Amino acid sequence: MKITIVAIGKIKEKYLAAGIQEFLKRLTPYCKLDISELAEERMPDNPSPAEKAQALTREGERLLKAVRTGSYLIVLDVAGQALSSEQLAAKFDSLALSGQSDITFIIGGAFGLSAEVVRAAKERLSFSKMTFTHQMIRLLLVEQVYRAFKISRGEPYHW
Ligand SMILES: C[S@@+](CC[C@H](N)C(=O)[O-])C[C@H]1O[C@@H](n2cnc3c(N)ncnc32)[C@H](O)[C@@H]1O
């Protein structure tokens with residue numbers, strides 16, 4: 001399985017970067033996971049709603065360009081569908097069974113995701129009704145991807 005996370009913005013917090021690296025290391029026996037980090041759009045101080053909308057559109061165009069043709073696109077979206085970890089594991093299994101072995105997750109930036117990105121997605125995945133920072137949600141995502149593989153393989157993962 002090849003998994004790509006395409007995300008806006010860098011991980012600046014060391015404790016989050018260390019956590020993400022830890023799960024990337026643990027994931028190596030299970031899948032190839034790459035992270036493609038795109039720069040945030042430059043924005044004036046106190047941007048107007050129109051400036052924010054333009055930045056979101058431009059970010060969206062760059063995000064979609066970074067998705068390989070044919071990759072199964074899942075966007076992380078507060079307003080999306082919540083899944084249990086077991087359901088995520090089952091989704092990976094059924095995608096693999098159907099011959100789809102390339103999955104891309106998109107994480108938006110400070111202003112979220114453009115309508116075009118949301119429209120392009122096969123699925124919108126919510127991690128709860130709460131909003132997390134783009135840095136924090138990346139750690140949550142890699143942990144859940146790792147958990148999904150452990151569940152699929154029936155391997156213990158106690159914490
Ligand atoms: C700081 S949030 C963006 C908040 C923005 N105001 C919005 O309404 O989308 C940055 C990105 O993290 C992801 N994210 C944050 N919380 C999430 C959640 N509970 N479930 C799924 N994705 C989430 C989304 O991809 C979002 O675009």
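Because the structure is predicted, anything quoted here is derived from the model rather than measured.
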Participant: Determine the minimum heavy-atom distance between Leu139 and Gly19, stating which atoms define it.
Facilitator: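 Closest heavy-atom pair between Leu139 and Gly19: CD1-C, 3.5 Å.
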Participant: Going from CG on Leu125 to CD on Gln87, what distance comes out if it is rounded to the nearest 0.5 angstrom?
Facilitator: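 Going from the CG atom of Leu125 to the CD atom of Gln87 covers 10.5 Å.
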Participant: Is a side-chain N or O of Glu40 found less than 3.5 angstrom from the main chain of Lys10, in a donor-acceptor match?
Facilitator: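 Not confirmed, Glu40 side chain does not pair with Lys10 backbone.
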Participant: To the nearest 0.5 Å, what is the distance between CZ (Arg26) and CG (Leu33)?
Facilitator: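 Reported to 0.5 Å precision, the distance equals 14.0 Å.
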Participant: Tell me whether Ile5 shares a hydrophobic cluster with Ile106, the cluster being built from Ile, Leu, Val, Met, Phe, Trp, Tyr side chains joined at under 4.5 Å.
Facilitator: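 Per the 4.5 Å side-chain linkage, Ile5 and Ile106 are not co-clustered.
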Participant: Let me check something: do Tyr72 and Val145 share a hydrophobic cluster, defined by ILVMFWY side-chain heavy atoms less than 4.5 Å apart, either directly or through other members?
Facilitator: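 Yes, it is one cluster - the side chains of Tyr72 and Val145 are joined through contacts under 4.5 Å.
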Participant: I'd like to know if the side chain of Glu51 reaches the main chain of Ser48, judged simply by a donor and an acceptor atom lying under 3.5 Å from each other, with no hydrogens or angles considered.
Facilitator: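 Yes; judged by distance alone, with no hydrogens or angles, the pair exists.
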Participant: Are Ile35 and Phe149 connected in the hydrophobic side-chain network, where two residues link if heavy atoms are under 4.5 Å apart?
Facilitator: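 Linked within one cluster.
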Participant: Can a side-chain donor-acceptor contact be found between Thr4 and Asp34 if the only test is distance below 3.5 angstrom?
Facilitator: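 No, because no side-chain N or O of Asp34 sits under 3.5 Å from a partner of the opposite role on Thr4.
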Participant: In terms of hydrophobic clusters joined by side-chain contacts under 4.5 Å, are Ile11 and Met136 together?
Facilitator: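 They do share one cluster, since a chain of ILVMFWY contacts under 4.5 Å joins Ile11 to Met136.
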Participant: Show the nearest heavy-atom pair for residues Ala79 and Arg124, with the distance to one decimal.
Facilitator: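 Distance-wise, the nearest heavy atoms are CB-NH2, 3.7 Å.
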Participant: So, taking the atom named CG in Leu83 and the one named OG in Ser126, what distance separates them when rounded to the nearest 0.5 Å?
Facilitator: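 Output value for this atom pair is 9.0 Å.
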Participant: Shortest non-hydrogen contact from Gln135 to Ile20?
Facilitator: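 Closest approach of Gln135 to Ile20: O-CD1, 4.3 Å.
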Participant: Cut-off 3.5 Å, side chains only: do Glu143 and Tyr157 have a donor facing an acceptor?
Facilitator: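 Checked: Glu143/Tyr157 side chains pair up, N/O donor to acceptor below 3.5 Å.
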Participant: Sub-3.5 Å donor-acceptor pair from the side chain of Ser71 to the main-chain atoms of Val67, do we have one?
Facilitator: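 Looks like no, no N/O pair under 3.5 Å.
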Participant: With rounding to the nearest 0.5 Å, note down the distance linking OG in Ser152 to CZ in Arg147.
Facilitator: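 One finds 13.0 Å between OG of Ser152 and CZ of Arg147.
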Participant: So do Glu123 and Lys91 actually touch side chain to side chain, heavy atoms under 4.5 Å?
Facilitator: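 Lys91 reaches Glu123 side chain to side chain.
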Participant: What's the shortest heavy-atom distance between Glu41 and Ala55, and which atoms?
Facilitator: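 Taking Glu41 first and Ala55 second, the nearest heavy atoms are CG-O, 3.4 Å.
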Participant: Should Leu76 and Leu113 count as side-chain neighbours, where that means a heavy-atom distance under 4.5 Å?
Facilitator: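 No, every pair of side-chain atoms sits at 4.5 Å or beyond.
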Participant: Count the heavy atoms belonging to other residues, nucleotides or ligands that lie under 6.0 Å from NZ of Lys2, then report whether that count exceeds 12.
Facilitator: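 Enclosed.
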Participant: Quick check on side chain to side chain contact (heavy atoms under 4.5 Å, CB included): which of Tyr146, Phe23, Phe105 does Leu141 satisfy it with?
Facilitator: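 Between Leu141 and the candidates, side chain to side chain contact (heavy atoms under 4.5 Å, CB included) is satisfied uniquely by Phe105.
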Participant: Does a salt bridge link Arg138 with Glu37, judged by any charged N lying under 4.0 Å from a carboxylate O?
Facilitator: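 Yes, charged N to carboxylate O under 4.0 Å.
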Participant: Would you say Glu59's side chain and Leu56's backbone share a donor-acceptor pair under 3.5 angstrom?
Facilitator: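 Between the backbone of Leu56 and the side chain of Glu59 there is no qualifying donor-acceptor contact (under 3.5 Å).
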Participant: Does any non-hydrogen side-chain atom of Ile107 lie less than 4.5 Å from one of Val6?
Facilitator: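 With C-beta onward as the side chain, the pair stays apart.
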Participant: Rounded at 0.5 Å granularity, tell me how far CD1 in Ile8 sits from CG in Leu38.
Facilitator: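 If we round to the nearest 0.5 Å, Ile8:CD1 and Leu38:CG are 5.0 Å apart.
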Participant: For residues Phe127 and Phe132, establish whether the separation of their ring centroids is below 6.0 Å.
Facilitator: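 Between Phe127 and Phe132, the centre distance exceeds or equals 6.0 Å.
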Participant: Quick check for you: to the nearest 0.5 Å, what is the distance between Cys31 atom SG and Asp102 atom CG?
Facilitator: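 Here the interatomic distance stands at 11.5 Å.
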Participant: Just by distance, no angles: are the side chains of Gln144 and Ser85 close enough, under 3.5 Å, to form a donor-acceptor pair?
Facilitator: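 Present: a donor and an acceptor within the cut-off.
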Participant: Answer yes if Val142 and Leu95 sit in the same cluster of Ile, Leu, Val, Met, Phe, Trp and Tyr residues linked by side chain heavy atoms under 4.5 Å apart, and no otherwise.
Facilitator: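 Yes, because Val142 and Leu95 connect within a single hydrophobic cluster, where side-chain heavy atoms sit under 4.5 Å apart.
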Participant: Cut-off 3.5 Å, side chains only: do Glu155 and Tyr30 have a donor facing an acceptor?
Facilitator: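 Yes - a donor-acceptor pair under 3.5 Å links their side chains.
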Participant: Assess the residue pair Ile74 and Lys122 against the criterion (side chain to side chain contact (heavy atoms under 4.5 Å, CB included)); give the C-alpha distance rounded to whole Å, side-chain angles, the decisive distance to 0.1 Å, and a yes or no.
Facilitator: CA-CA 6 Å; Ile74 302 176; Lys122 292 272 196 305; 5.7 Å; no
Participant: Do the side chain of Glu22 and the main chain of Leu24 share a donor and acceptor less than 3.5 angstrom apart?
Facilitator: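 Here the side-chain-to-backbone pair does not exist.
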Participant: Report yes or no: do Thr104 and Arg68 form a side-chain donor-acceptor pair below 3.5 Å?
Facilitator: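 Note: Thr104 and Arg68 side chains miss the donor-acceptor criterion.
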Participant: Can you tell if the side chain of Glu116 reaches within under 4.5 Å of the side chain of Arg119, non-hydrogen atoms only?
Facilitator: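 Glu116 vs Arg119: side chains touch.
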